[in-house]
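Whatever order the structure lists them in is the order used to number ligands and atoms, beginning at 1.
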Amino acid sequence: MVQSSVTLSENLAKLDGVVPDHARGVATVVGCLGRVAAVIAKELAHAALRDRLGYLGGTNVSGDQVKKLDVWGHDTVEAAMRATGACAALISEEAKEPIEMAVDGANPLVVCCDPVDGSSNLDVNGTVGTIFSLRPTGGKTPAGPASLGPGTEQVAAGYVMYGPATTLVYTAGRGTHGFTLEQETGEFLLTHPDIKIPSRGKTYGINEGNLHSWHPGQRAYVEFLRTSDKASGRPYSLRYSGAMVADVHRTLLDGGIFMYPSDWTDPAKPKPKLRLLYEVAPMAMLCEQAGGRASTGTERVMEVKATEYHQRTAILIGSPDDVAMAEEFYRRQS
Ligand code: FBP
């Protein structure tokens with residue numbers, strides 16, 4: 001971590017000339033998401049004072065009960081993306097279909113976004129986040145379908161974590177970099193340049209309440225992590241926040257592994273939870289750019305081809321040695 005005065009805008013400006021033409025809009029869109037993040041951070045800090053907590057009623061396309069801040073967060077991101085003129089379509093957790101938008105430049109982008117990640121933490125003042133992924137449209141209209149492809153087609157990805165500090169972490173394919181919001185100026189300053197995840201960690205994150213529904217390899221791997229063995233630094237400690245952004249952020253900085261495996265109650269129809277386009281694929285790009293690994297248990301997440309906007313997939317993400325070990329347990333038990 002460094003005390004820095006390099007702002008997010010200055011860092012993004014350096015992308016010009018290094019990113020390919022079809023990614024020219026990255027600086028504009030990520031810069032705009034940084035400004036949106038400062039607005040969301042302020043709103044979260046006052047939500048209880050402004051009757052913004054609680055449910056709005058109704059469910060979203062994933063069947064989740066919708067919170068007031070989920071919709072407010074979505075509306076705020078949508079309005080900001082429209083204003084950039086560089087976003088041709090928005091794929092959001094809170095909208096069933098892609099939201100097509102007018103653009104005023106060449107090489108617009110498709111933005112996939114989870115405006116408020118970790119919604120179950122909102123009413124208990126827990127950490128939440130915003131996750132985003134940027135893909136080229138390739139001149140397609142409508143642009144929404146341009147988001148359907150493997151994670152390797154992403155040109156940028158990032159998240160914002162609204163914790164004690166507000167942190168924005170992004171990659172444009174040249175390393176993963178972290179910024180901290182300076183509340184007074186509303187500027188993000190570079191505090192975590194070129195994050196490198198440790199090859200192995202000491203913690204694991206998973207909802208152990210789902211243990212009964214896990215693949216046998218998943219169960220065996222968690223049992224392995226919980227078994228005492230000084231030589232291999234086990235047992236690992238369990239750390240689980242209920243918000244993927246917070247669990248992945250900790251894992252990127254300290255190493256270890258975060259997992260949200262599929263429900264294997266019916267092995268013929270495994271049921272994953274987290275969404276590929278705006279939760280799992282962006283985190284996979286960030287983690288790989290930091291030297292980590294992201295797997296479904298049996299394949300590299302970045303090669304999973306999206307065929308639906310709200311498609312779900314399993315995720316095991318973190319230190320390369322830890323994720324490789326988890327995959328080994330899946331192989332042994334498959
Ligand atoms: P949303 O809040 O955006 O729906 O995200 C899903 C999520 O909250 C992740 O952030 C988190 O890792 C996971 O679901 C928690 O799920 P569970 O409550 O089943 O442990």
On the 0 to 90° scale, with breaks at 30° and 60°, tag the His192-His249 ring pair as parallel, tilted or perpendicular.
perpendicular

Give a yes/no verdict on a cation-pi contact between Lys202 and Tyr236, requiring under 6.0 Å between NZ or CZ and the six-membered ring centre and an angle within 45° of the axis.
no

Residues Arg331 and Glu327 bridged, charged N to O under 4.0 Å
no

Listed partners of Gln333 passing side-chain hydrogen bond (donor to acceptor under 3.5 Å, both in side chains), at least two apart
none

Output the set of protein residues with a heavy-atom contact under 4.0 Å to ligand 1, ordered first by chain identifier and then by residue number.
Asp64, Glu93, Asp114, Val116, Asp117, Gly118, Ser119, Asn207, Tyr240, Gly242, Ala243, Met244, Phe258, Tyr260, Lys273, Leu274, Arg275, Glu279

Determine, for Arg332 against Glu328, whether the closest basic-nitrogen to carboxylate-oxygen distance falls under 4.0 angstrom.
yes

Aromatic ring pairing Tyr240/Phe258, orientation class (parallel under 30°, perpendicular over 60°, tilted between)
parallel

